[in-house]
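Written out below as structure tokens is the structure these notes cover.
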Amino acid sequence: MTAELGALIFDVDGTLADTERDGHRVAFNRAFARAGLPWSWGVERYGKLLAVAGGKERIRHFIDIHEPQSALPHDLEAFIDELHGLKTTYYQELLRSGAIPLRPGVERLLREARDEGLQLAIATTTSRQNVVALLESTLGSDSLGWFTVIAGSDIVAQKKPAPDAYHYALRYLGLHAEQCVAFEDSVNGALAARRARLDTIVTVNGYTRDDRFGETLLVVDQLGEPDSPFEVLRGEAGEARYVTLDLIRRLRR
Ligand code: XBP
Ligand code: MG
């Protein structure tokens, strides 16, 4: 028998909001310019760089491939830390300016889950401070209290595709994986959720539409709203036109 649904666990970047192309990418480029570096990550190049989870890891990967290290400061780790700190400042500025809304259906589903007494959690590769900035700028500061736990890169040992953020969230929720459903947008994220034995619903975005996600409950282009239905890319949603708790429960059976 399927365990009763107790919590929804959300990824952040690409899932709660389309933060990558017009958020993180733009902030990286502002940081590069500020640091006097002749680097600029275009939309397409950034899509390829997204295969590397984590902003600092992404910068290091870029350097490994494109930049002779001799041209950079000797203490590469400190250099990357500083550059990433700068990027985080620009990213949060962007969020606080209201530049990045939540994706369709996210607020509706969060509210439905709260109304039904389900717990909510976040499992992300970005930092808690970035999540706080996103939630405050979209749902208001009270919304921080909606989430039992925000499991971010600052508290777990390994970033996705490792399952650490999900394991941490599950421990905090006091629930088993069978009692929860994860929401992801990327291959690395879906893999992390699966490694934590979670059922997963994937909402793809421009960068991940053609990716293969392995075993999932459903792959859609968005959670959808009554007046703007989702497109089902993989799985069977029956008559449903947008993701609701009722649909999630049916998919889990
Ligand atoms: C996505 C990521 C992050 C962001 C950048 O995380 O891989 O690295 O691209 O954020 P998720 P940072 O989808 O799991 O939330 O620069 O803070 O790493
Ligand atoms: Mg993501």
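Just so you know, ligand 1 is whichever comes first in the structure, and atom 1 is the first atom listed for that ligand.
- Using a 4.0 Å cut-off to heavy atoms of Lys87, the atoms of ligand 1 that qualify are 5 (C), 10 (O), 12 (P), 16 (O), 17 (O).
- Heavy-atom proximity to Asn130, at under 4.0 Å, picks out these atoms of ligand 1: 17 (O).
- Residue Arg195 places its CZ atom among more than 12 non-hydrogen atoms of other residues, nucleotides or ligands, all under 6.0 Å distant.
- With a 4.5 Å cut-off on side-chain heavy atoms, Thr203 and Thr15 count as touching.
- Short contacts between ligand 1 and Val12, defined as distances under 4.0 Å to a heavy atom of the residue, involve ligand atoms 15 (O).
- Taking every non-hydrogen atom of Lys160 and a distance limit under 4.0 Å, the qualifying atoms of ligand 1 come out as 14 (O).
- Taking the six-membered ring wherever Trp is involved, the centroid distance between the rings of Phe32 and Trp41 falls below 6.0 Å.
- With respect to the Mg ion (ligand 2), Asp11 has OD2 as its nearest N, O or S atom.
- Counting non-hydrogen atoms of other residues, nucleotides and ligands closer than 6.0 Å to OH of Tyr172 gives a total of 12 or fewer.
- With 3.5 Å as the limit, one finds no donor-acceptor pair spanning the side chains of Ser127 and Asp154.
- Closest protein heavy atom to atom 6 (O) of ligand 1: Thr125 CB, 3.2 Å.
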Which side-chain N or O atoms in residues 79-87 pair as donor and acceptor under 3.5 Å with protein atoms at least two apart or in another chain?
residue	atom	partner	partner atom	Å
Asp81	OD1	Lys56	NZ	3.3
Lys87	NZ	His24	ND1	2.7

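- By the 4.0 Å heavy-atom criterion, Tyr46 is counted among the residues contacting ligand 1.
- At least one N/O/S atom of Asp185, whether from backbone or side chain, sits less than 2.8 Å from the Mg ion (ligand 2).
- There is a side-chain donor-acceptor pair under 3.5 Å between Tyr46 and Arg58.
- Contact annotation: Gly54 has at least one heavy atom less than 4.0 Å from an atom of ligand 1.
- Not a single heavy atom of Lys159 sits under 4.0 Å from any atom of ligand 1.
- Polar contact check, Phe28 against ligand 1: no nitrogen or oxygen pair lies under 3.5 Å apart.
- Nearest non-hydrogen protein atom to atom 15 (O) of ligand 1 is Thr124 OG1, 2.5 Å.
- In this structure, Arg30 places its CZ atom where only 12 or fewer heavy-atom neighbours from other residues, nucleotides or ligands lie under 6.0 Å away.
- At least one heavy atom of Ala53 sits less than 4.0 Å from an atom of ligand 1.
- Shown here for Leu218 and Glu236, the closest heavy-atom pair between the two residues is CD1-N, 3.9 Å.
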Would you mind writing out the side-chain donor-acceptor pairs for residues 130-143 within the sub-3.5 Å range, not counting sequence neighbours?
residue	atom	partner	partner atom	Å
Asn130	OD1	Gln92	NE2	2.8
Asn130	ND2	Thr126	OG1	3.0
Glu136	OE1	Arg96	NH1	3.3
Ser137	OG	Leu95	O	3.4
Ser137	OG	Ala133	O	3.1
Ser137	OG	Leu134	O	3.1
Thr138	OG1	Leu134	O	2.7
Thr138	OG1	Leu135	O	3.4
Ser143	OG	Gly140	O	2.6

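- On a distance-only criterion, Lys56 and ligand 1 share no N/O pair closer than 3.5 Å.
- Contact detail for Phe213 and Asp185: the closest heavy-atom pair is CE2-O, 3.8 Å.
- In this structure, Arg58 has a heavy atom closer than 4.0 Å to ligand 1.
- Looking only at heavy atoms of the protein, atom 18 (O) of ligand 1 is closest to Gly55 N, 2.7 Å.
- Residue, atom and distance of the protein heavy atom nearest to atom 13 (O) of ligand 1 are Asp11 OD1, 2.7 Å.
- Protein heavy atom closest to atom 10 (O) of ligand 1, with residue, atom name and distance, is Thr126 OG1, 3.2 Å.
- Short contacts between ligand 1 and His84, defined as distances under 4.0 Å to a heavy atom of the residue, involve ligand atoms 12 (P), 16 (O), 17 (O), 18 (O).
- Under the 4.5 Å side-chain criterion, counting only non-hydrogen atoms from C-beta, Asp13 is not in contact with Thr125.
- Among the heteroatoms counted here (N, O or S) of Asp13, O is the one nearest to the Mg ion (ligand 2).
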